[in-house]
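See structure below.
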Amino acid sequence: MATEPDAMVPVASLADLEAEGRTVVAENGRAIALFYHEGEVYAVDNRCPHMGFPLTRGTVEEGVLTCHWHHARFELEEGDTFDPWADDVQTFPVEVRGDEIFIDPDPPQTVPPNVHWRNRLADGLHENLNLVMAKAVIGLDEAGEGFHTPIETAVNFGTKYRASGWGRGLTTLGCMANLYAEVGGRDKRRAMFMGVRDVADDCAGEPPRFQQYAFDNRDLSKDRLKSWFRESVEVRDADGAERCLLTAVACLDPEEVAEIVFAAATDSLYLNAGHTVDFLNKAFTTLDHIGWHGQGDDEDPNAAKVLASTVEQLTDATRSEELSSWRNPVDIADLVFDAHDRLPDLVAAGEGTEWNEPEGFVDELLVDDPEHIIDALTDAIREGATQTELADAVVRAATRRVAWFATNNEFADWNTVHHTFSYANAVYEATQRTDAVELYRGCFDAAMSVYLDRFLNSPQAPLPEPGESDRDPADIREELLACFDEQGQVNRAATLVSEHFDAGGDPEDLKRVMGRGLLREDANFHTLQNVEGHFARFDEAADDWERRLCLMAPARYMAAHFPTRRSNEQTFSIATRLHRGEKLHEAE
Ligand code: FES
């Protein structure tokens with residue numbers, strides 16, 4: 001460790017250290033432990049890098065310093081740890097001049113903080129170490145890297161170290177990257193921690209993934225690649241589909257790639273209970289955050305690694321036409337396939353016409369008659385409704401299923417209404433990316449799933465009507481947070497959200513408080529998705545009642561699932577306190 005001679009300061013007497021074996025000195029506001037071991041003097045930061053326990057309370061044997069709290073071990077000379085979960089401990093240059101010990105308390109940094117924390121984040125992802133990831137996210141944010149480095153590092157890891165590719169973890173990461181802008185202050189760090197830790201958790205114990213290669217031929221048309229990709233997905237040929245998709249990424253622009261992907265994703269019905277389209281949508285969203293192309297000398301564009309990793313979501317998916325619930329007692333799969341067949345004529349009939357959504361159109365999508373629903377959708381297409389307009393109406397119907405969810409149902413059925421909402425929302429967001437005609441089919445699927453969920457609104461949960469309130473909106477937000485501390489406050493949560501609107505509170509403040517309530521919990525994948533999706537819908541909502549629904553629905557969902565054990569928050573809080581230099585153990 002290079003150091004300037006005049007940077008050395010006297011800190012202790014050699015004779016005293018020889019007699020005691022160890023001591024602590026204070027320099028530049030930090031405690032430094034000195035050890036006399038095997039005839040040499042060593043200086044290390046007295047705070048254990050794991051959780052701050054004083055290392056002078058540890059044991060030194062054969063050149064190894066062992067902390068007594070969780071028994072992390074460090075090589076005494078350079079501070080390298082034997083235990084990656086603990087991190088290396090900082091050491092300081094030492095000189096003995098006569099009887100006096102000199103140290104450099106502020107040695108030059110060999111690794112810049114952003115590089116150190118990037119490496120630690122990679123370590124945390126590889127070993128699935130929550131505390132390491134929390135510290136790294138905080139350290140990167142402090143080093144001015146925001147969320148870009150965490151998301152990019154986690155995408156690189158997650159697309160490589162999970163044989164089956166894109167899954168829950170990377171979807172959570174994309175979801176958290178979206179939520180990042182909606183939450184305030186330290187919750188941004190929580191969001192990033194939540195995202196990267198779910199990637200690590202989802203990849204833990206998984207074999208790695210080996211990516212295929214694009215075809216050499218770059219003169220392939222979009223239509224040819226689209227047809228090959230769909231055929232490969234149809235016969236569940238993952239390797240063939242991946243090669244077609246990688247070639248599409250190499251040859252086509254992002255909108256055309258999206259067309260190919262979402263066409264294949266809607267050839268069959270409501271794949272994987274809606275997860276497939278949802279995951280694909282989040283993969284594209286993630287690319288919005290990290291860029292279609294990689295940076296620097298990375299030869300592999302981000303789009304290639306991200307989209308190639310999604311292929312098994314398509315080829316291995318359960319197709320809802322294979323499910324009894326889509327075949328009996330009404331063959332709704334047949335109804336939907338029939339509508340697929342009619343699509344070219346319907347679209348041609350509506351060309352050049354502007355659709356104005358009729359009053360009560362969303363109510364038409366909530367009736368107990370699947371044929372009526374399909375007719376309402378196909379009539380709309382014939383009258384010129386765009387994919388976006390139709391998807392928007394369907395996702396509003398899906399939001400009502402969540403907002404009206406009756407708590408007399410089985411608890412697990414919250415997932416069912418969530419799946420429908422999440423799928424409908426993904427179809428809507430996909431229509432912002434491509435105007436592929438096939439996305440109308442996603443609207444049919446989502447609407448049929450809304451239909452299948454109808455009994456989960458029986459009885460329909462009561463929602464508060466808009467009114468007036470003279471309460472302070474800040475008090476209402478406090479009460480909402482407190483309501484998430486108690487189990488079963490589902491209807492109260494909706495009432496408080498409604499009251500916040502009545503009192504004229506700023507919905508952005510309300511969203512930030514809901515974000516805080518979400519990120520302090522061990523919220524499951526569905527809850528995170530539900531809140532993020534409804535926040536996005538809120539931003540697009542056309543009127544006051546829709547905006548209320550977009551926040552009442554996730555508030556009910558959160559209240560149904562909270563409180564949890566908050567173990568992630570415990571980890572995040574430990575990392576934050578360590579970062580601030582606070583004591584965690586009485587022995588410190
Ligand atoms: S091993 Fe030192 S504090 Fe945990």
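Note that ligands are numbered from 1 as they come in the structure, with each ligand's atoms numbered from 1 the same way. Quick caveat, the model's predicted, so the values are computed rather than measured.
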request  = Classify the ring geometry between His68 and His71 as parallel (under 30°), tilted (30 to 60°) or perpendicular (over 60°).
outcome  = tilted
inquiry  = Is it true that Thr571 and Asn130 share a donor-acceptor pair across their side chains at a distance under 3.5 Å?
reply    = no
request  = Assess Arg168 against Phe525: is NZ or CZ under 6.0 Å from the centre of the six-membered ring, and within 45 degrees of the ring's axis?
outcome  = no
query = Listing residue and atom name, which protein N/O/S atoms are closer to atom 2 (Fe) of ligand 1 than 2.8 Å?
reply = Cys48 SG, Cys67 SG
ask   = Does any pair with a residue in residues 174-210 pass ring-ring contact (aromatic ring centres under 6.0 Å, His included), and if so which ones, sequence neighbours excluded?
value = Phe147-Tyr180
query = Which of these, Met194, Gln570, Arg565, sits in a side chain to side chain contact (heavy atoms under 4.5 Å, CB included) with Asp522?
reply = Arg565
ask   = Side-chain donor-acceptor pair under 3.5 Å between His526 and His418, yes or no?
value = no
